[in-house]
Amino acid sequence: MKVVPYKDQQEGKKAQVRDMFNNISKKYDLLNHVLSLGVDIYWRKRAVKILKKYQPELILDIATGTGDFAIEALAANPKKVIGVDISEGMLEIGKEKIKAKGLEDRIEMRLGDSEGLLFEDNYFDAVIVSFGVRNYENLEKGLADMCRVLKPGGRLVIIEFSKPKIFPFKQIYNAYFRFVLPAVGRIISKDQSAYTYLPESVNAFPDGEKFTKILDKVGYKETECIPLTFGISSIYTATK
């Protein structure tokens, strides 16, 4: 059974994830930084530092949400970043943020589905995703379509939560994800399910070597997993 945000609903995972992010969009940035203790900002900077040496001119940011990764990706000096997300609510917040920063000429936000990207083959120099791939309804289909729109030799950079394995950090992390995070998320976001779904989706995600093998399977090369902060999250890189 797939992990979904709203177990009492009949909609598929994709529709439920869209509804969940629409529900929490106004509180998402606050919750993201508070619940990660701000470390998510460092993770994005680290990922963009890896990307920068490849000098991508056109970047696609999948599951762009409110645009934090798209904005950070400008440090790689691309000509343009296109952000795609299925949540209208998240995109609305992102567009306001980009307008306030005067970045409308460099970042474009579009409504779209990661499993059916409306771009031609071999279009982007790089594809990036920050904490989005575990929400895919069909993981392999989404990753394969991202590979399709990458130019030959183009780079994939993904940040995603992982499961720490080192004692006692594993135990502390599990307790935090199981008890603290859902409680704080519920209070601030008012969504009873969103921050219960988060640890469940992380636990179900095939992290580490399991994920790099999936990347290999759908057509990527030179796949690598770089653990971050005691294994709380990982950066995955690959080439088409």
Side-chain angles (χ1 to χ4, degrees), residues 1-7 13 16-17 20-21 23-24 27-51 62-63 65-66 68-69 72 75 128-136 139-140 142-143 156-217 220 222-238:
M1 176 182 286
K2 290 183 178 179
V3 174
V4 295
Y6 307 110
K7 298 177 178 61
K13 180 176 181 178
Q16 289 197 30
V17 166
M20 178 189 72
F21 281 113
N23 291 341
I24 67 173
K27 299 291 185 180
Y28 178 79
D29 283 344
L30 172 64
L31 278 164
N32 207 26
H33 300 324
V34 169
L35 292 173
S36 71
L37 305 178
V39 183
D40 63 304
I41 298 171
Y42 159 73
W43 293 336
R44 290 188 182 91
K45 289 183 181 296
R46 176 81 180 274
V48 172
K49 186 176 180 180
I50 293 171
L51 184 65
I62 298 288
T66 63
D68 278 354
F69 204 18
E72 188 61 48
I128 61 177
V129 193
S130 175
F131 309 108
V133 293
R134 74 178 187 286
N135 297 320
Y136 289 2
L139 179 59
E140 290 188 13
L143 295 173
L156 174 72
V157 178
I158 294 173
I159 312 172
E160 191 52 85
F161 286 113
S162 305
K163 297 180 280 291
K165 298 175 175 61
I166 301 172
F167 177 86
F169 205 79
K170 174 182 177 181
Q171 287 71 23
I172 296 170
Y173 170 88
N174 287 340
Y176 178 75
F177 250 45
R178 184 176 177 183
F179 300 110
V180 178
L181 187 147
V184 175
R186 257 194 313 273
I187 292 168
I188 298 178
S189 73
K190 309 301 181 185
D191 189 298
Q192 295 294 313
S193 302
Y195 288 87
T196 300
Y197 164 75
L198 174 56
E200 290 176 348
S201 65
V202 172
N203 189 57
F205 183 72
D207 62 333
E209 186 178 349
K210 292 179 181 178
F211 187 62
T212 58
K213 285 182 177 179
I214 294 173
L215 292 173
D216 292 335
K217 179 181 177 182
Y220 293 96
E222 302 173 19
T223 55
E224 182 180 6
C225 173
I226 305 168
L228 300 171
T229 316
F230 305 104
I232 291 178
S233 70
S234 297
I235 295 175
Y236 300 92
T237 64

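Contact annotation: the side chain of Leu215 approaches that of Leu156 to within less than 4.5 Å [non-hydrogen atoms, C-beta and beyond].
Residues satisfying the side-chain hydrogen bond (donor to acceptor under 3.5 Å, both in side chains) criterion with Thr66, sequence neighbours excluded, are Asp29, Lys97. Legend: residues meeting side-chain hydrogen bond (donor to acceptor under 3.5 Å, both in side chains) with Lys7, ordered by chain and number and at least two apart, are Glu200. Arg178 meets the side-chain hydrogen bond (donor to acceptor under 3.5 Å, both in side chains) test with no other residue; sequence neighbours excluded. With sequence neighbours left out, Phe131 forms a ring pair (Phe, Tyr, Trp, His ring centres under 6.0 Å) with Trp43, Phe161. Under the ring pair (Phe, Tyr, Trp, His ring centres under 6.0 Å) criterion, Phe230 pairs with Phe169, not counting sequence neighbours. Partners of Lys49 according to the salt bridge (charged side-chain N to carboxylate O under 4.0 Å, His left out) rule, which considers only residues two or more places apart in sequence or in another chain, do not exist here. A search for ring pair (Phe, Tyr, Trp, His ring centres under 6.0 Å) contacts involving Tyr42 returns nothing, not counting sequence neighbours. In this structure Glu140 satisfies the salt bridge (charged side-chain N to carboxylate O under 4.0 Å, His left out) test together with Lys217, sequence neighbours excluded. Judged as a side-chain contact (heavy atoms from CB on, under 4.5 Å), and not counting sequence neighbours, the contacts of Ala204 are Val3. Applying the side-chain contact (heavy atoms from CB on, under 4.5 Å) test to Lys27 and every residue at least two apart in sequence or in another chain returns Leu31, Ile188. In this structure, the ring pair (Phe, Tyr, Trp, His ring centres under 6.0 Å) partners of Phe211, at least two apart in sequence or on a different chain, are Phe205, Tyr236. For Lys170, there are no side-chain hydrogen bond (donor to acceptor under 3.5 Å, both in side chains) partners, not counting sequence neighbours.
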